[in-house]
Amino acid sequence: MSTALVVGAGPAGCAAAILLARGGLDVLLIDKTLPRDKLCGGLVTEKAWALLTGRLGLGSPDLGGEVSRRFEIFDGKAFLNDAESPHLLRFLPRARFDAFLLDAAAKAGCRVERGEFRGLSEGAAVVDGRVVRFKCLVGADGVFSAVARAIGESLPQKSLAVGLQADVPRAGRVSDLHAARIFFGYLELGWGWAFPKGDTICIGLGGIPGTREDVSAVFRRLLADCEVANAGTLPIRGAKLPNEEYLREPASGNVFLCGDAAGFAEPLTGEGIHAALLSGILAAESILGGTGAEERYNEACRKQVTPIFGQARLARSLLFREPFRTLALRRFKRGKGAMRRFLGVLAGESDYKRFFLDSLLGR
Ligand SMILES: Cc1cc2nc3c(=O)[nH]c(=O)nc-3n(C[C@H](O)[C@H](O)[C@H](O)COP(=O)(O)OP(=O)(O)OC[C@H]3O[C@@H](n4cnc5c(N)ncnc54)[C@H](O)[C@@H]3O)c2cc1C
């Protein structure tokens, strides 16, 4: 019997597995795809990085990609404004980031195996064709979590956002990009991004639930506007991410759902790495605390992971609705204050409540 079975070797699963193994538990970490290839912009904010270096104690690794402070906003092809972030923005290749976390889990003593969780049977997990018994189960298996499904907690399909992405060589209007570039004006309910990754640029477009446009066609227009070669035929990839819903009680008995599996992604920015790492950490700490782990984890998520989600949803509904969108873009164009305040939220120094208050008071 493994004391802890962790399903999914993304940031949520690895964070939980590392701490559980360090806490002395026998941990089996499984993933159906190893090595993983997660579609992601790879923007790791300061608050996410602080979890890696601080609470997970993983030092300050060089994971390639690019580090910058510059943040730019565009409305379609038109440049609106830029600002320097007080904190570093890290644009990391997800494959390297994930491989680093998996290696840290193995070094902490976890057994890492390729295997697909298929369901629960009489309190044990069915992994491929075998039965795996456990004392606690961490479901960190992403937005279509089979663990969540097994305990009747799946996220509704219509609550998910969609993201499309392509990694392109440096050329055209993104040849010299060394900043986070955000594009409004393409989707009514979403935004685009271009993140520098060293030799390549990762360009993406995300639409929240309710998006009516043909997202692929709009994405190809964004690629063409960036003067990407073969914008009309370039292979593009898409994936879903949590948006409209998250689980208020992500623990149920001895099953703990973390990261995307619990619907934990920030609804305005789509940032999920921070919530994945944090919820993985909280699940492990709750389990290691002994009796009352279920309540402890639910409470910790309520206090530390999800408070920003409601505020972000409100901010999003303003940013994506006229006349507020026009007013917001005008404000971004007029001065750098609003952008700096937003960068403070992204770094975890501030929240949207303070953002609006400071904006109203002109601070
Ligand atoms: C297009 C796009 C761009 C994004 N950009 C950013 C960004 O720039 N910054 C940011 O912070 N967030 C971003 N996100 C969100 C972020 O990628 C996710 O929130 C984050 O990866 C969630 O981590 P996780 O560990 O919960 O799940 P995942 O990283 O999804 O890991 C889940 C793992 O579970 C495994 N698995 C699934 N089912 C099973 C099963 N049945 N059995 C065994 N294993 C299983 C999968 O193989 C996978 O390895 C983006 C998302 C998308 C779609």
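When a ligand or atom number is given, it counts from 1 through the structure's own listing order.
- The N/O atoms of Phe117, backbone and side chain alike, include one that comes under 3.5 Å of an N/O atom in ligand 1.
- Within the structure, every pair that satisfies the side-chain hydrogen bond (donor to acceptor under 3.5 Å, both in side chains) test and touches residues 201-220, not counting sequence neighbours, is listed here: Glu188-Arg212.
- Annotation for ligand 1: atoms under 4.0 Å from non-hydrogen atoms of Gly115 are 42 (N), 43 (C).
- Distance from atom 50 (C) of ligand 1 to its nearest protein heavy atom, with residue and atom name: Cys40 SG, 4.0 Å.
- In terms of protein heavy-atom proximity, atom 11 (O) of ligand 1 is nearest to Ile273 N, 3.0 Å.
- With respect to atom 2 (C) of ligand 1, the closest heavy atom belonging to the protein is Leu39 O, 3.8 Å.
- In terms of N/O distances under 3.5 Å, ligand 1 is not approached by Val143.
- Taking distance alone, with nitrogen or oxygen atoms compared against 3.5 Å, Ile30 stays at or beyond that limit from ligand 1.
- How far CZ of Arg55 is from CG of Leu282: 5.5 Å, rounded to the nearest 0.5 Å.
- Here the heavy atom of the protein found nearest to atom 44 (N) of ligand 1 is Lys32 N, 3.1 Å.
- At a cut-off of 3.5 Å, with distance as the only test, a side-chain donor of Glu349 or His87 sits close to an acceptor on the other residue.
- Heavy-atom proximity to atom 10 (C) of ligand 1, evaluated over Ala161, Ala180, Gly272, is greatest for Gly272.
- With 3.5 Å as the limit, one finds a donor-acceptor pair spanning the side chains of Asn81 and Lys336.
- The only member of Arg70, Arg69, Glu66 that meets side-chain hydrogen bond (donor to acceptor under 3.5 Å, both in side chains) when paired with His178 is Glu66.
- Using the six-membered ring where Trp is involved, Phe342 and Tyr352 have ring planes that are tilted, between 30° and 60° apart.
- Polar contact check, Gly13 against ligand 1: no nitrogen or oxygen pair lies under 3.5 Å apart.
- Ranking the protein heavy atoms by distance from atom 53 (C) of ligand 1 puts Ala239 CB, 3.7 Å first.
- Annotation: Ala12 places an N or O atom under 3.5 Å from an N or O atom of ligand 1; distance criterion only.
- A donor and an acceptor atom, one from each side chain of Ser252 and Glu153, are nowhere located under 3.5 Å apart.
- With a 6.0 Å cutoff to the six-membered ring centre and a 45° limit on the axis angle, Arg248 counts as a cation-pi contact of Tyr246.
- Of the options Leu29, Val6, Asp141, Asp31, the smallest heavy-atom separation from atom 39 (C) of ligand 1 is shown by Asp141.
- Among all non-hydrogen protein atoms, the one lying nearest atom 30 (O) of ligand 1 is Lys38 NZ, 3.6 Å.
- Among all protein heavy atoms, the one lying closest to atom 16 (C) of ligand 1 is Arg94 NH1, 3.9 Å.
- Looking only at side-chain heavy atoms (C-beta outward), Phe195 and Ile182 come within less than 4.5 Å of each other.
- Among protein heavy atoms, atom 19 (O) of ligand 1 sits closest to Asp260 OD1, 2.7 Å.
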